[in-house]
Amino acid sequence: MPPKKRPRVGPKTADPAKADGGEKVSSLDASDGGTRKVAGTSKKRAGAVEPPPHNHWLMKSEPESRFENGVDVKFGIEDLKAMPDQTSCWDGVRSFQARNFMRQMKKGQMAFFYHSNCKEPGIAGLMKVVKEAYVDHTQFDKKDVHFDGSSKPDNPKWSMVDVQYLRMMKRFIPLSELKRYHLQHRAEGGPLKDMALFTKARLSVQPLTTEEFEFVLGLEDKAPGRILTKLLK
DNA sequence: GCCAACGTTGGC
DNA sequence: GCCAACGTTGGC
C-alpha cells in the first residue's frame with residue numbers, strides 16, 4: 001500500500017492544521033505487532049531490555065501506474081526526485097506497524113526507497129527523513145483513496161513523515177538478489193538472515209539494523225548476479 | 001491474474 | 001479475548 005504523495009507542504013510551515021506535531025503524536029493506539037518501544041508508558045516486565053531504536057529504514061512504494069478508486073497510486077523514486085525540494089510527505093500508510101515505525105523515525109535518518117508491486121521489485125535509491133511524524137491529513141479527506149472515517153480529528157490515527165531524495169543506488173538492487181542473500185544468510189549466518197523484507201514481507205515501512213543497511217549498501221559496488229553469491233561463500 | 005501470507009474486524 | 005471471515009499486500 002504504497003503511499004501516493006502529494007506536493008509537500010510549501011516551504012513554509014503552512015499547514016494550519018498542525019504544523020509540526022513532530023514530536024507529539026499520541027502514542028497509544030492499537031496493535032503494533034512488536035514495534036512498541038514508546039518511552040514511558042509501555043508496561044513491560046521489569047528487567048526487560050529495550051532494544052535500541054532503529055536508525056535505518058526501508059519504505060515501499062509503487063513505481064508503476066495502478067488505479068485505486070480511479071486514482072493512480074504510482075509513486076516511484078523518479079516521482080520523489082521530481083518533487084519540489086525533492087521532498088514529499090509519505091502519506092497513505094494505513095498499517096499500525098508501519099505507522100509506528102514512522103513515528104520512530106528521526107530527522108536525518110536514511111531510508112531505502114523500495115519499488116514494490118512492479119516488474120522489477122527492489123531497492124532503487126536512498127532518501128532521508130526531513131520531518132518527523134505528524135498527522136497524515138489524507139485520513140480526513142473523503143475524496144482521498146485512503147480516507148479513514150474511523151479517525152477523528154481530535155485523535156488522529158495516522159501519521160506520516162517527510163522524506164527527501166538523496167540519490168539513486170549506484171545500481172538497482174533487485175529483490176531477487178536480496179532474497180538469495182537472505183536465504184544464504186539464514187542457512188549459514190549473515191547480516192540479512194532476519195531482514196524484515198522477508199520476515200515481515202507485507203510491511204510497507206520497515207526498520208533495518210545497521211548491519212543490514214551497510215550490507216545492502218555494500219552490494220552497490222559488487223557485481224550483480226549469482227556469480228557473486230558463489231564467490232562470497 | 002493468481003494466490004499465499006498475514007493483519008484487521010467483528011461476533012460471540 | 002478467541003478466532004473465523006475478510007481484505008490487502010505484493011511476489012510471481
Side-chain angles (χ1 to χ4, degrees), chain A residues 1-5 26-38 42-45 54 57-80 90-104 111-125 136 138-142 144-152 155-161 163 169 172-186 192-208 212 216 219 224-226 229:
Chain A
M1 75 93 100
K4 50 319 50 289
K5 271 47 260 134
S26 84
S27 56
L28 28 178
D29 290 325
S31 87
D32 72 314
T35 67
R36 166 126 10 245
K37 52 187 30 96
V38 180
S42 61
K43 55 212 48 260
K44 6 197 40 134
R45 299 166 244 92
H54 300 285
W57 309 96
L58 178 149
M59 302 169 82
K60 300 179 181 178
S61 188
E62 304 185 33
E64 294 172 7
S65 284
R66 186 172 65 81
F67 291 85
E68 229 174 273
N69 305 338
V71 179
D72 193 354
V73 296
K74 167 185 185 295
F75 190 80
I77 193 164
E78 299 294 348
D79 298 300
L80 174 60
W90 203 266
D91 62 313
V93 170
R94 296 294 181 268
S95 137
F96 291 113
Q97 290 185 52
R99 178 205 69 179
N100 291 343
F101 283 131
M102 285 202 297
R103 288 180 179 181
Q104 293 176 29
F112 288 124
F113 194 122
Y114 178 90
H115 281 172
S116 69
N117 204 16
C118 57
K119 272 315 170 17
E120 214 189 3
I123 295 174
D136 178 347
T138 65
Q139 66 197 298
F140 304 122
D141 179 357
K142 291 203 174 67
D144 193 277
V145 189
H146 295 114
F147 170 72
D148 180 356
S150 73
S151 182
K152 313 287 232 51
N155 187 21
K157 261 189 195 172
W158 307 112
S159 302
M160 61 187 180
V161 296
V163 292
M169 299 302 279
F172 182 84
I173 311 289
L175 175 65
S176 57
E177 180 176 347
L178 293 169
K179 189 170 199 170
R180 284 200 305 274
Y181 283 113
H182 167 66
L183 293 173
Q184 181 188 327
H185 292 181
R186 209 177 55 181
L192 299 195
K193 78 174 147 47
D194 297 317
M195 193 181 189
L197 193 54
F198 306 102
T199 61
K200 297 187 169 116
R202 293 178 46 194
L203 241 198
S204 66
V205 175
Q206 332 185 327
L208 283 85
E212 289 166 344
V216 173
L219 295 179
R226 40 178 58 95
T229 304

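These values consider heavy atoms only, across backbone and side chains, with no hydrogens, waters or symmetry-generated copies.
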Contacts of A/H182 meeting ring-ring contact (aromatic ring centres under 6.0 Å, His included) (sequence neighbours excluded), chain-then-number -> A/F198
Contacts of A/F113 meeting ring-ring contact (aromatic ring centres under 6.0 Å, His included) (sequence neighbours excluded), chain-then-number -> A/W90, A/H115
Sequence neighbours excluded, the answer for side-chain contact (heavy atoms from CB on, under 4.5 Å) partners of A/D79 is A/K74, A/F75
Report task. Check the side chains of A/D136 and A/S159 for a donor-acceptor pair under 3.5 angstrom, ignoring hydrogens and angles. Result -> no
Quick one: which protein N/O atoms are closer than 3.5 Å to N/O atoms of nucleotides 2-6 of chain B? Pair and distance per line, please.
residue : atom : partner : partner atom : Å
B/dA5   : N3   : A/R202  : NH1          : 3.4
B/dC6   : O4'  : A/R202  : NH1          : 3.3
B/dC6   : O2   : A/R202  : NH1          : 2.0

Checklist entry - OP1 or OP2 of C/dG11 less than 4.0 angstrom from a side-chain nitrogen or oxygen of A/Y114, does that happen here? => result yes
**Asked** Can a side chain N or O of A/K60 be found less than 4.0 Å away from OP1 or OP2 on C/dT8?
**Response** no
Please answer whether the main-chain N or O of A/H146 pairs with a side-chain N or O of A/R94 as donor and acceptor at a distance below 3.5 Å. yes
Please identify each residue that fulfils side-chain hydrogen bond (donor to acceptor under 3.5 Å, both in side chains) with [X], with sequence neighbours left out.
X	result
A/S150	A/D148, A/K157
A/S151	A/Q139
A/Q206	none

Overall bend of the helix from B/dG1-C/dC12 to B/dC12-C/dG1 (five pairs an end, 10° steps) is 10°
Interatomic distance, [X] [atom1] vs [N] [atom2] [rounded to whole Å]:
X	N	atom1	atom2	value
A/N69	C/dG7	CG	C1'	14 Å
A/L203	B/dT8	CG	P	9 Å
A/F96	B/dT8	CZ	C1'	8 Å
A/E177	C/dG11	CD	C1'	17 Å

Would you mind checking if A/E68 and A/R66 are paired as a salt bridge, meaning a charged N to carboxylate O distance below 4.0 Å? yes
Q.
Regarding A/K179, tell me which of base, sugar-phosphate or nothing describes its non-hydrogen contacts under 4.0 Å with the strands shown.
A. sugar-phosphate
Between A/N117 and A/S150, the residue closer to the 5' end of DNA chain B by nearest nucleotide is A/N117
